[in-house]
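Numbered from 1 within each chain, the chains take letters A, B, ... in sequence-line order.
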Amino acid sequence: MNTPIRTRFAPSPTGYIHVGNVRAALFPYLLARQQGGSFILRIEDTDQARFVEGATDLILDTLEWLGMDWDEGPRKGGEYGPYVQTERREIYLQWAQKLIDKGLAYADPYIPEQVQSFREEAIALKKPFLYRDHRPENPPAWDGSQALRFKVTDPKRYTWNDPIMGELSAGPEVLDDFILIKADGLPTYNFAHIVDDAEMGITHVIRGLEYISSIPRYLSLYEALDLACPVLACMPHIMAPDGKKKLGKRDGARSVTDYRTDGILPETMLNFLASMGWNDGTEQELFSREELIEKFSLERVQRSGARFDEQRLLWMNGQWIRRLELDDLYERVRPYWPESTEEASDEYKKHVLSLIKDRLKTLAEVSMMTRYFFEEPTVDESLISGNKQLSKLTDDERRSILKASHDALESSEWTPEAIQETLNNLLETTGEKPGTLFSLVRIATTWAPFSPQLNDTLALLGKEKTLARLQTAITPGV
RNA sequence: GGUCUCAUCGUCUAACGGUUAGGACACCAGGUUUUCAUCCUGGCAAUCGGAGUUCGAUUCUCCGUGAGAUCACCA
């Protein structure tokens, strides 16, 4: 009987959360859920300079929105807490003491500027810089005011197996005496995450590719601490739209909150991010959270980076919107109605929504797509002049067609079917083509570049409004 | 520059060493007797280059080339 796996997401609260961050949470989440294990959330806030107030809440809110529930961590607690690194200082110091006792950690007598000059010296000589080449003979006893460094005693080549990348290795030249505890008393990521992962029983570490070159250092630290090494997996980056480098905040990576505001569904975001760099080998494109959990595997994760294609995201969002039940969609779209809809009944708005559901790519689009159902539209002559058929007609010809339409509709029953029949009859009596007649009536009643099927639109708009808008369009001066 | 990694349509990707190299997005054309969209048809479009192994290479090996990551008292 295997012990249940434990995976984690360990973000830094340094600002907004972008799609790359979310995907770094998604893969460990999916794996934990699939294997019946635990997904742990840990806040890595040891960089006080980059700490941003409120960033943690933003991260937690985003994960909750996406339905990526965690088993232990902030807002949840758990038996391995605290789950915020600045609250774990004592733990790091205890582990650091173990290394000191073993002679595997020592105080750095230099200040950062001195180390920097060593580094520049090496660069000037075109030699790779290694701190251990400058390792002090008799370092002072560590009193907590200096940085504490790890002592690499046996630089060697490490080889390890990454479930995504395959067999990896790196030589001794990448091993160095890195800093464990900074002069401010807080641990570096390199040290803290090893300690935390061990203390929290993490079995699978899944993180971005940028960590791959540091892994030999982690391996040497696991050895020094006599710790079993968890499974280490690195996943490829999401690339910036130009495909040149990993997506980051400086490249205008949009926050997940922005996509949420635009009306991207959490289903879409999950599906889309999982699909970037993973597929199940079939031709399936749309995966629900449940399907992702069932089918995900690290072995099928792509090894190369993928660009974030917003057009594909929009297409996928449209697909997910279409899959929603109308009532569900109505609830989600609630914040997006224009102000003029406040008076309208839920029933009417829901009906409007049903007509445009197939047209939506984002929830935010309801606003611009439905205005004419709630307020009097503004006449836009360019809709006529820009229309191939309609621009050929004179004003009088257009009025005459609209007049005929008005009169026919006036005596029509007001159901979608009856309206369609009336419109069809009108084609015969006026001798106009559908492209002319229907377009003209559509524009005169909505003044929108596009709208749902004409008979449905008129039926919902109501006889009174339809006739009034046609009358306005017939009135000279329009 | 050192180290490490990656490489199939414009983009996301599929293909036990044997396929007319498949699908999706985008784009183009047509259909669903009005527009936009949905939906359906069809079209365009790819194995980075060179050696080698093999009867046969997108797939394995090597060398190039290109791209990315990393070399912090950041994570």
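Look at the P atom in both B:rC63 and B:rU5: the space between them is 12 Å, to the nearest Å. Here the separation of B:rG50 from B:rG66, taken at their C1' atoms, is 15 Å to the nearest Å. One C1' atom belongs to B:rA21, the other to B:rA72, and the distance between them is 46 Å to the nearest Å. Between B:rU70 and B:rA37, the two C1' atoms lie 47 Å apart (nearest whole Å).
What separates CG of A:Asp456 from C1' of B:rU34 is a distance of 13 Å, to the nearest Å. Straight-line distance from the CH2 atom of A:Trp315 to the P atom of B:rC27: 14 Å, rounded to whole Å. Rounded to an integer number of Å, the gap from A:Met316 CE to B:rC25 C1' is 9 Å. Rounding to whole angstrom units, CD of residue A:Gln284 and P of B:rC12 are separated by 20 Å. Taking atom CG on A:Leu168 and atom P on B:rC6, their separation rounds to 7 Å, with Å as the unit. A:Arg323 places its CZ atom 15 Å from the C1' atom of B:rC39, with the value rounded to the nearest Å. Taking atom CD of residue A:Glu285 and atom P of nucleotide B:rC25, one finds them 7 Å apart after rounding to whole Å. Protein atom CD of A:Glu210 is 15 Å distant from nucleotide atom C1' of B:rC6, rounded to whole Å.
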Tabulated below should be each protein N or O lying under 3.5 Å from an N or O of nucleotides 71-74 of chain B; please produce it.
from	atom 1	to	atom 2	distance (Å)
B:rA72	OP2	A:Arg119	NE	2.6
B:rA72	OP2	A:Arg119	NH2	3.3
B:rC73	O2	A:Ala183	N	2.6
B:rC73	N4	A:Tyr110	O	3.2
B:rC74	OP2	A:Lys182	NZ	3.1
B:rC74	O2'	A:Asp47	OD2	2.6
B:rC74	O2'	A:Arg50	NH2	3.3

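Ion pairing of A:Glu285 with A:Arg312 is present here, as a side-chain N (NZ or NE/NH1/NH2) and a carboxylate O approach within less than 4.0 Å.
Taking the side chain to side chain donor-acceptor pair (under 3.5 Å) definition, one finds that A:Thr362 meets it with nothing, sequence neighbours left out. Remark: A:Arg50 engages A:Asp47 in a salt bridge (Lys or Arg N to Asp or Glu O under 4.0 Å) (not counting sequence neighbours).
Ring geometry, A:Tyr218 versus A:His193: the interplanar angle exceeds 60°, so the pair is classed perpendicular (tilted spans 30 to 60°). Between A:Trp337 and A:Phe374, the ring planes are perpendicular. Angles over 60° get that label, and only those under 30° would be called parallel.
Taking the nucleotide of RNA chain B with the nearest heavy atom to each of A:Met165 and A:Ala10, the more 5' of the two is matched to A:Met165. Two residues, A:Gly281 and A:Arg359, neighbour RNA chain B, and the one matched to the more 5' nucleotide by heavy-atom proximity is A:Gly281.
In terms of polar N and O atoms assigned as donor or acceptor, the side chain of A:Tyr211 comes within less than 3.5 Å of the base of B:rA75 in a complementary pairing.
When the side-chain nitrogen and oxygen atoms of A:Arg300 are compared with OP1 and OP2 of B:rA15, one or more of them lie within a distance under 4.0 Å. The shortest distance between the side-chain N/O atoms of A:Arg442 and the OP1/OP2 oxygens of B:rU34 is not below 4.0 Å. Listed pair A:Gln302 / B:rU5 fails the phosphate criterion, with no side-chain N or O lying under 4.0 Å from OP1 or OP2. Checking the phosphate oxygens (OP1, OP2) of B:rU13, no side-chain nitrogen or oxygen of A:Asn279 falls inside 4.0 Å.
A:Trp278 and A:Phe27 have their aromatic ring centers separated by at least 6.0 angstrom.
Each of A:Phe308, A:Tyr259, A:Phe287 was evaluated against A:Phe272; a single residue qualifies, A:Phe308, per the ring pair (Phe, Tyr, Trp, His ring centres under 6.0 Å) test. Test A:Ile474, A:Val441, A:Ile401 against A:His406 for side-chain contact (heavy atoms from CB on, under 4.5 Å) and you get one pass: A:Ile474.
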